[in-house]
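Working notes, beginning with the structure itself.
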Protein chains: 2
Amino acid sequence: MQLELSVDRSSPVPLYFQLSQQLEAAIEHGTLTPGSLLGNEIELAARLGLSRPTVRQAIQSLVDKGLLVRRRGVGTQVVHSQVKRPLELSSLYDDLEAAGQRPATKVLVNTLEPASAEVAAALGVAEDSDVHRVERLRLAHGEPMAYLCNFLPPGLIDLDTGQLEATGLYRLMRAAGITLHSARQSIGARAATPPEAERLAEETGAPLLTMQRVTFDDTGRAVEYGTHTYRPTRYSFEFQLLVRT
Amino acid sequence: MQLELSVDRSSPVPLYFQLSQQLEAAIEHGTLTPGSLLGNEIELAARLGLSRPTVRQAIQSLVDKGLLVRRRGVGTQVVHSQVKRPLELSSLYDDLEAAGQRPATKVLVNTLEPASAEVAAALGVAEDSDVHRVERLRLAHGEPMAYLCNFLPPGLIDLDTGQLEATGLYRLMRAAGITLHSARQSIGARAATPPEAERLAEETGAPLLTMQRVTFDDTGRAVEYGTHTYRPTRYSFEFQLLVRT
DNA sequence: TCAATCTGTTTGTCCGGACAATCTGACTAC
DNA sequence: GTAGTCAGATTGTCCGGACAAACAGATTGA
């Protein structure tokens with residue numbers, strides 16, 4: 001294994017992070033082939049002039065990502081399977097853009113209105129208190145793909161219709177300094193009602209994929225509640241997930 | 001904060017794990033209320049007679065689970081939101097049992113047959129080589145909930161029809177010493193074909209929720225490929241997910 | 001020939017310490 | 001009164017070392 005590894009001690013980037021990125025790049029690039037041993041931690045530390053805990057921290061982060069597997073008495077191996085992303089909080093806009101689909105968004109509604117009981121419960125605000133309501137149609141290649149209805153608590157973000165049409169909601173929230181932390185999702189299916197069918201250019205009774213989601217920031221506040229419907233012929237949820245250990 | 005914490009040094013259970021379990025229990029139980037500070041690491045270590053790295057390792061594991069949030073200069077806080085499980089590799093059988101639904105399974109097919117191109121590609125075996133094929137109907141309260149079709153490479157596990165009816169496939173695999181590592185899933189929806197409708201007691205054209213999954217063990221081998229259809233009126237996919245950092 | 005045992009390798013756990021980065025809150029200067 | 005500055009508190013990073021546990025392969029014994 002002639003893997004070139006080096007760390008820059010003058011950089012503000014943590015050493016373990018520099019190392020883990022280089023290892024990840026090597027795996028991605030194929031320099032480290034699946035199944036190959038990584039060499040033992042102590043020697044690796046000595047080679048790089050690092051301590052073993054630092055090397056372990058780097059390796060551990062890749063184990064958590066599912067790229068490496070440790071075996072006591074054997075060594076650390078690159079996982080065989082084609083792990084891509086261990087399921088992050090996915091954004092339809094980003095998904096489409098990554099797939100080269102040139103997403104477009106049409107904002108249908110962008111108002112402030114009193115929260116229904118359902119919305120109030122999801123967002124943890126008082127019933128009838130004002131919340132943002134945003135309804136959007138997401139298109140790809142001019143064809144409707146999904147109908148997105150979102151509710152946000154007030155005062156968190158400035159919802160500009162122009163920006164909503166230019167990018168995704170998650171990007172706007174991140175840009176507004178909101179740290180997304182976790183989400184509770186529910187994915188199901190049901191038959192399209194007449195208004196839903198019309199919006200998505202489907203027929204009444206056609207199967208629709210539905211997703212409901214409440215997103216929380218790192219302080220535990222609910223920052224978004226969404227009810228989405230997707231055309232199943234155009235979109236499905238794909239993700240990779242890891243077994244918790 | 002009068003939180004009772006203690007560790008047993010004579011136990012073979014790692015100290016950091018003992019601590020993290022106690023903290024998790026305290027959070028679950030409500031002894032540690034959301035938003036409350038955990039007390040600084042150094043004092044906590046001194047109080048328990050542990051070193052700071054050990055305490056940090058315990059805390060880190062809970063941060064990874066999404067239960068705690070660290071803030072430099074502030075401290076470690078319990079997250080507000082109702083995080084439950086950060087999405088593990090879910091098993092329909094376990095899900096139903098946890099919901100107190102008394103799942104029942106009817107094995108429709110349990111044979112060895114040549115792999116189709118699709119199955120061979122998913123499992124990474126040669127086309128027309130023998131693979132296990134298992135078709136099951138999963139019921140709850142006597143009502144059909146899902147139709148499960150799975151393919152497994154040969155020689156990995158002994159598929160006994162009786163056992164398949166008594167428990168879930170994942171449990172059997174784990175019991176056979178297979179370490180599940182990751183899975184690639186795809187969730188979609190479509191209209192029921194006549195045979196599908198009949199199996200699930202739905203009408204032709206009714207919306208169905210579909211899930212395809214390839215599961216890998218820790219050596220990177222594909223150990224299972226499944227094509228499942230669910231009745232959306234009876235089942236939906238619920239999960240909590242964390243933003244990767 | 002086969003099974004049990006031993007041995008070396010590698011990761012797992014744990015320690016104690018050091019300094020840096022960042023946040024909060026109080027203080028000070030204008 | 002307001003803005004900038006400073007100090008204390010807390011986590012982030014990193015070091016060097018020690019012993020335990022588990023695995024693979026070779027050795028030994030029946």
Side-chain angles (χ1 to χ4, degrees), chain A residues 1 5-23 35-64 67-79 177 179 181 217-219 245, chain B residues 1 5-23 35-64 67-79 177 179 181 217-219 245:
Chain A
M1 176 183 57
L5 294 171
S6 62
V7 291
D8 175 11
R9 301 196 86 97
S10 67
S11 162
V13 177
L15 300 178
Y16 78 90
F17 193 72
Q18 291 184 36
L19 178 54
S20 71
Q21 281 199 317
Q22 287 180 41
L23 290 174
S36 64
L37 272 304
L38 205 59
N40 76 58
E41 298 170 351
I42 298 176
E43 186 220 338
L44 196 57
R47 188 144 63 95
L48 288 164
L50 297 172
S51 71
R52 189 180 163 214
T54 302
V55 172
R56 275 183 69 78
Q57 193 173 2
I59 292 175
Q60 188 59 47
S61 70
L62 297 180
V63 171
D64 291 340
L67 293 171
L68 298 177
V69 177
R70 320 178 92 137
R71 283 173 205 283
R72 195 186 300 205
V74 179
T76 304
Q77 290 178 306
V78 180
V79 157
T179 309
H181 178 258
D217 73 357
D218 56 358
T219 68
T245 8
Chain B
M1 174 183 57
L5 293 171
S6 62
V7 290
D8 175 9
R9 301 195 85 96
S10 67
S11 163
V13 177
L15 300 177
Y16 78 90
F17 194 71
Q18 292 183 36
L19 177 55
S20 71
Q21 280 199 317
Q22 288 179 43
L23 290 174
S36 63
L37 272 303
L38 204 60
N40 77 58
E41 297 169 352
I42 297 175
E43 186 220 337
L44 197 56
R47 187 143 63 93
L48 288 163
L50 297 173
S51 70
R52 189 180 164 217
T54 303
V55 171
R56 274 183 70 78
Q57 192 173 3
I59 292 175
Q60 188 59 46
S61 71
L62 297 180
V63 171
D64 291 339
L67 293 171
L68 298 176
V69 177
R70 321 179 91 141
R71 284 173 205 282
R72 197 185 298 205
V74 180
T76 305
Q77 290 178 308
V78 180
V79 157
T179 309
H181 177 257
D217 73 358
D218 56 0
T219 68
T245 10

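All values derive from a computational prediction rather than experimental measurement. We name chains A, B, ... by the order of the sequence lines, and we start the count at 1 in each one.
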Taking CD from B:E41 and C1' from C:dA20, how many angstroms apart are they, rounded to a whole number? 15 Å
My understanding is that only residues two or more places apart in sequence, or in another chain, count here; which of them pass side chain to side chain contact (heavy atoms under 4.5 Å, CB included) with A:Q57? A:Y16
Can you list, by residue number, the residues of residues 9-16 of chain B that have a non-hydrogen atom closer than 4.0 angstrom to DNA chain C? B:R9, B:P14, B:L15, B:Y16
Heavy-atom side-chain contact between A:E43 and A:V55 under 4.5 Å: no
Could you report the tightest heavy-atom contact between B:A58 and B:S20, atom names first, then the distance? O-CB, 3.6 Å
Mind checking side chain to side chain contact (heavy atoms under 4.5 Å, CB included) for A:S11 and listing every partner two or more places apart, or none if nothing turns up? A:D8, A:V13, A:Q18
So, do B:L23 and B:L67 sit near enough that their side-chain heavy atoms are less than 4.5 Å apart? no
Check DNA chain C against residues 50-63 of chain A and give the residues with a non-hydrogen atom under 4.0 Å, in numerical order. A:R52, A:R56
To the nearest 0.5 angstrom, please state how far the CG atom of B:L19 sits from the CG atom of B:L44. 6.0 Å
Pick the closest DNA chain D nucleotide for A:V74 and for B:G73 by heavy atoms, then say which residue is nearer the 5' end. B:G73
Can you name the residues that form a side chain to side chain donor-acceptor pair (under 3.5 Å) with B:T54, not counting sequence neighbours? B:S51
So where does chain A start and stop touching DNA chain D, 5' to 3', when the test is distance under 4.0 Å to a non-hydrogen atom? D:dT13 to D:dA24
For A:I42 and C:dT11, what is the distance between atoms CD1 and P respectively, to the nearest whole Å? 8 Å
Pair B:L68-B:V79, side-chain contact (heavy atoms from CB on, under 4.5 Å): steps then yes or no: CA-CA 5 Å; B:L68 298 176; B:V79 157; 5.8 Å; no
Which residues satisfy the side chain to side chain contact (heavy atoms under 4.5 Å, CB included) test with B:R71, sequence neighbours excluded? A:D218, A:T219, B:V69, B:V74, B:Q77
Can you list the residues that meet the side chain to side chain contact (heavy atoms under 4.5 Å, CB included) rule with B:R70, with sequence neighbours excluded? B:E41, B:R56, B:I59, B:Q60, B:V63, B:T76
A:N40 CG to C:dG12 C1', straight-line distance once rounded to whole Å: 14 Å
Kindly calculate the angle separating the two end axes of the helix from C:dT1-D:dA30 to C:dC30-D:dG1, each obtained from five base pairs, and round it to 10 degrees. 10°
